[in-house]
Amino acid sequence: MRLLELKIPPPLVTLMTAAAMYGVAKLLPVWALLPTLRTGAALTLVVVGVSFDAAGLIAFRRAKTTVNPMTPQRSTSVVSTGVYRFTRNPMYLGLAFLLTAWAVYLSSAWALLGVPVFMAYITRFQIQPEERALAALFGQSYVDYCARVRRWL
């Protein structure tokens, strides 16, 4: 299964998951949500998701380390400030919030299943390989960071 590790960029995984969620929402029953409630909840989740993504990106830029998820071996430091004090993967968490917003917007409980599927895929094929690379690069300081901060939330 290592064939898929660090091969598909997370934004593309997100788009593929969103497309599958759309297909599921069109095939299976939807919730009867008021449009204003549905849109308001979805927009709130979008703001949360974009905030996590932006905070993670800004912290990486400030640390002058790579933001390319396909090349964790090019990292120059362990970023543990800002949003990284609460989650080791704010950008992936932000994408999960965006997918949750999409499911709410689609008014589909079935589409919500795309979120844990996305999280499982990203954990196995993106996060775990990144963690191995970062542990090899930074040793005990990265191990200590992992012990203090959760992978997701």
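In what follows, every heavy atom counts, from backbone to side chain, and hydrogens, waters and symmetry copies are set aside.
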Problem set entry | All side-chain contact (heavy atoms from CB on, under 4.5 Å) counterparts of Pro11, not counting sequence neighbours | Pro9
For this session: Compare every heavy atom of Pro90 with every heavy atom of Gly56, then report the nearest pair and how far apart it is.
Result: CA-CG, 3.8 Å
Exercise. Are the side chain of Asn89 and the backbone of Trp152 linked by a donor-acceptor contact shorter than 3.5 Å?
Worked result: no
For this session: Could you walk me through whether Ser77 and Val79 pass side-chain contact (heavy atoms from CB on, under 4.5 Å), step by step?
Result: CA-CA 6 Å; Ser77 63; Val79 180; 4.1 Å; yes
For this session: Report the residues that fulfil side-chain contact (heavy atoms from CB on, under 4.5 Å) with Thr100, sequence neighbours left out, ordered by chain and then residue number.
Result: Leu45, Leu112, Val115
Exercise. Hey, mind stepping through Tyr92 and Glu130 against side-chain contact (heavy atoms from CB on, under 4.5 Å) and telling me if it holds?
Worked result: CA-CA 12 Å; Tyr92 302 143; Glu130 286 177 4; 2.4 Å; yes
Exercise. Is any side-chain heavy atom of Pro129 closer than 4.5 Å to a side-chain heavy atom of Met70?
Worked result: no
Exercise. Taking atom CZ of Arg2 as the centre, does the number of heavy atoms from other residues, nucleotides or ligands within less than 6.0 Å exceed 12?
Worked result: no
Exercise. Side chains of Pro69 and Leu6: closer than 4.5 Å at any heavy-atom pair?
Worked result: no
Problem set entry | Rounded distance (nearest 0.5 Å) linking atom CG of Leu15 with atom CD1 of Ile8 | 12.0 Å
Problem set entry | Of all pairs that satisfy salt bridge (charged side-chain N to carboxylate O under 4.0 Å, His left out), the ones with a partner from residues 19-43, not counting sequence neighbours | none
Exercise. Are Val47 and Leu153 connected, step by step, through hydrophobic side chains (Ile, Leu, Val, Met, Phe, Trp, Tyr) whose heavy atoms are closer than 4.5 Å?
Worked result: no
Problem set entry | ring pair (Phe, Tyr, Trp, His ring centres under 6.0 Å) partners of residues 64-84, not counting sequence neighbours, each pair once | Phe60-Tyr84
For this session: Kindly work out whether a path of hydrophobic side-chain contacts (I/L/V/M/F/W/Y, heavy atoms less than 4.5 Å apart) joins Val67 to Tyr142.
Result: yes
For this session: Report yes or no: do Trp102 and Leu27 belong to one cluster of Ile/Leu/Val/Met/Phe/Trp/Tyr joined by side chain heavy-atom distances under 4.5 Å?
Result: no
Problem set entry | Set of side-chain contact (heavy atoms from CB on, under 4.5 Å) partners for Val117, sequence neighbours left out | none
For this session: Write down the atom of Ser141, the atom of Phe138, and the distance for their closest heavy-atom approach.
Result: OG-O, 3.0 Å
Seminar exercise, completed: Note: Val104 and Ala41 closest approach over all heavy atoms is CG1-CB, 3.9 Å
Exercise. Hey, quick one: are Met21 and Leu113 part of the same hydrophobic cluster, counting side-chain heavy atoms closer than 4.5 Å, chains of contacts allowed?
Worked result: no
Problem set entry | Non-hydrogen side-chain atoms of Phe52 and Thr87 separated by less than 4.5 Å | yes
Problem set entry | ring pair (Phe, Tyr, Trp, His ring centres under 6.0 Å): pairs with one or both residues in residues 105-127, sequence neighbours excluded | Tyr121-Phe125
Exercise. Is there a side-chain contact between Ser75 and Leu134 (heavy atoms, below 4.5 Å)?
Worked result: yes
Exercise. Do side-chain atoms of Ser108 reach the backbone of Ala103 as a donor and acceptor pair under 3.5 angstrom?
Worked result: no
Exercise. For Gln140 and Tyr145, does a side-chain donor sit closer than 3.5 Å to a side-chain acceptor?
Worked result: no
Exercise. For residues 83-108, which residue pairs qualify under salt bridge (charged side-chain N to carboxylate O under 4.0 Å, His left out), counting only residues two or more places apart or in two chains?
Worked result: Arg88-Glu131
Exercise. Are Thr14 and Leu99 close enough that some pair of their side-chain heavy atoms sits under 4.5 Å apart?
Worked result: yes
Exercise. Under a 4.5 Å side-chain heavy-atom rule over Ile, Leu, Val, Met, Phe, Trp and Tyr, are Ile122 and Val149 clustered together?
Worked result: yes
Exercise. Which pairs pass salt bridge (charged side-chain N to carboxylate O under 4.0 Å, His left out) with one or both residues in residues 99-125, sequence neighbours excluded?
Worked result: Glu5-Arg124
For this session: May I have all residue pairs that pass ring pair (Phe, Tyr, Trp, His ring centres under 6.0 Å) and include part of residues 4-28, sequence neighbours excluded?
Result: none
For this session: Return each pair, listed once, that meets salt bridge (charged side-chain N to carboxylate O under 4.0 Å, His left out) where at least one residue sits in residues 39-68; pairs must be two or more places apart or across chains.
Result: none
Problem set entry | Thr66 side chain vs Asn68 backbone, donor-acceptor pair below 3.5 Å | yes
Exercise. What residues form a side-chain contact (heavy atoms from CB on, under 4.5 Å) with Leu37, not counting sequence neighbours?
Worked result: Leu33, Leu34
Exercise. Heavy-atom count around Arg74 CZ within 6.0 Å, excluding the residue itself: above 12?
Worked result: no
Exercise. With sequence neighbours left out, what residues match Thr44 under side-chain hydrogen bond (donor to acceptor under 3.5 Å, both in side chains)?
Worked result: none
